Structure formats: C-alpha cells, structure tokens
Amino acid sequence: MMKKFLVFVAFIAVCISMNAHKVSSEKRDQVISNMIFNMIPVGNKFAITRTPISYYQYWVITGEKAHSSTTSVSQAAYVSRAKQEKVANTLNKECDGVLNFRIATPSEIMEAQKRGLQGDIQHHGGGTHGFYLVLPFKQWQPFQNAG
C-alpha cells in the first residue's frame, strides 16, 4: 500500500513539474511571430532569423527542453542536427506548407552577415554553437509588408 502511494505521489509531482514548464499557446504564438517578423531579408533570395535560435525558442517551438538548469535560455541553442531539424519540421508541419522553414547553410549565414546579420560571430559557420532558420523570400515578404 505504501509503495503504491509513493508511486502515485511521484506521478503527481512529475505531472505538476511538466505542466509548470509548458508555455501557453498565446506566448508560443508571440515568440514564433516575433521570430518571423524580425527575420532579415537577404536580397530577394531568403530571410534569415536575426540571431541564432535560442534555447527558449527551441523549447517553445518543440515543447521540449534542450538546456540544463544552469544554462541561460537566451543563449543560442547548441543542439544536434536532428534537434535543429525538429524545430524546422515542427514549424513546417504547423504551417501546412504555407511557410517552409529550413536550417541556414554556412554560406547563407555568411551572406546574411554581409547584409547586417546580428549575433555572435562564433555562431556563424558549419561547426558552430547555434543555428539560424531561413524562409524563402516570397514566403516571408508578406510578413515584412505587414510590419
């Protein structure tokens, strides 16, 4: 009986903990909208996120934490390629093909840097601590005109 009670208490604690870490859908929409509206156009080719995707953005978009309790959520998310793709795929799935996010290539990051891309230089390039997302310019342009 005592063992069942302890398992039940542990289960409740896990549920409360999980719910405490969830982001409201309103906050999630706001974070994603801000990310899109703040993208930087690179000519008429593509638009790129202004800074590398942060641990907070990763968490809001995917619903899972990729950082430790000692890591600032505002830091660029240093995650595996699979987790980077999870961000893009999650956004694409929700957009039903209207927006097609993908991970920026090192050459796209360098091209955007020449046009005013902000962010820590250490994040630019192939084997770096962070990743940027891009949208085709024609998909992003209506957001630019709305802003």
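This one's a predicted model, so the numbers in the text were calculated from it and none came from an experiment.
Between the side chain of Gln139 and the backbone N or O of Asn100, at least one donor-acceptor pair lies under 3.5 Å. Side-chain atoms of Thr49 do not come within 3.5 Å of backbone N or O of Pro52 as any donor-acceptor pair. No donor-acceptor distance shorter than 3.5 angstrom exists from the side chain of Tyr56 to the backbone of Gln75, with no hydrogens or angles considered. In this structure, Gln84 contributes its side chain and Val79 its backbone to a donor-acceptor pair below 3.5 Å. The backbone N or O of Ala66 lies less than 3.5 Å from no partner atom in the side chain of Trp59, so there is not a single donor-acceptor pair.
Looking at residues two or more places apart in sequence or on another chain, you find no ring pair (Phe, Tyr, Trp, His ring centres under 6.0 Å) involving Phe46. Contacts of Ser74 classified as side chain to side chain donor-acceptor pair (under 3.5 Å), with partners at least two apart in sequence or in another chain: Ser72. A search for side-chain contact (heavy atoms from CB on, under 4.5 Å) contacts involving Thr70 returns Ser68, not counting sequence neighbours. Scored by the side chain to side chain donor-acceptor pair (under 3.5 Å) test, Ser25 finds no partners at all (sequence neighbours excluded). Ala104 is linked by a side-chain contact (heavy atoms from CB on, under 4.5 Å) to Ile48, Glu108, Ile109, Tyr132, Val134, counting only residues two or more places apart in sequence or in another chain. Contacts of Ser69 classified as side chain to side chain donor-acceptor pair (under 3.5 Å), with partners at least two apart in sequence or in another chain: none. Applying the salt bridge (charged side-chain N to carboxylate O under 4.0 Å, His left out) test to Lys138 and every residue at least two apart in sequence or in another chain returns nothing. By the ring pair (Phe, Tyr, Trp, His ring centres under 6.0 Å) test, Phe101 pairs with no residue at all, sequence neighbours left out. For Glu26, the side-chain contact (heavy atoms from CB on, under 4.5 Å) test picks out Ser24, with sequence neighbours left out.
Taking CD1 of Ile32 as the reference point, atom CZ of Phe37 lies at 12.5 Å (rounded to 0.5 Å).
Each side chain to side chain donor-acceptor pair (under 3.5 Å) pair with one or both residues in residues 87-98, not counting sequence neighbours, appears once here: Arg28-Glu94. The side chain to side chain donor-acceptor pair (under 3.5 Å) analysis of residues 30-46, with sequence neighbours excluded, yields the pairs Lys45-Glu111.
A salt bridge between Lys86 and Glu64 is present, with a side-chain N of the basic residue lying under 4.0 Å from a carboxylate O of the acidic one.
The side-chain heavy atoms of His67 and Val73, taken from C-beta on, include a pair separated by under 4.5 Å. Proximity of Ile103 to Glu85: side-chain heavy atoms (C-beta onward) are separated by under 4.5 Å at one or more points. Looking only at side-chain heavy atoms (C-beta outward), Gln57 and Met35 come within less than 4.5 Å of each other. At least one side-chain heavy atom of Leu133 sits under 4.5 Å from a side-chain heavy atom of Ile53. Between Lys27 and Val60, the closest side-chain pair of non-hydrogen atoms is not below 4.5 Å.
Tyr55 and Tyr78 make their closest contact through OH-N, 3.2 Å (heavy atoms, listed as atom of the first residue, atom of the second, distance). Shortest non-hydrogen contact noted between Phe131 and Ala77 is CD2-O, 3.9 Å.
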Review point. So Leu135 and Met39, side chain to side chain contact (heavy atoms under 4.5 Å, CB included) or not? Walk me through it.
Key: CA-CA 9 Å; Leu135 276 174; Met39 292 176 94; 3.8 Å; yes

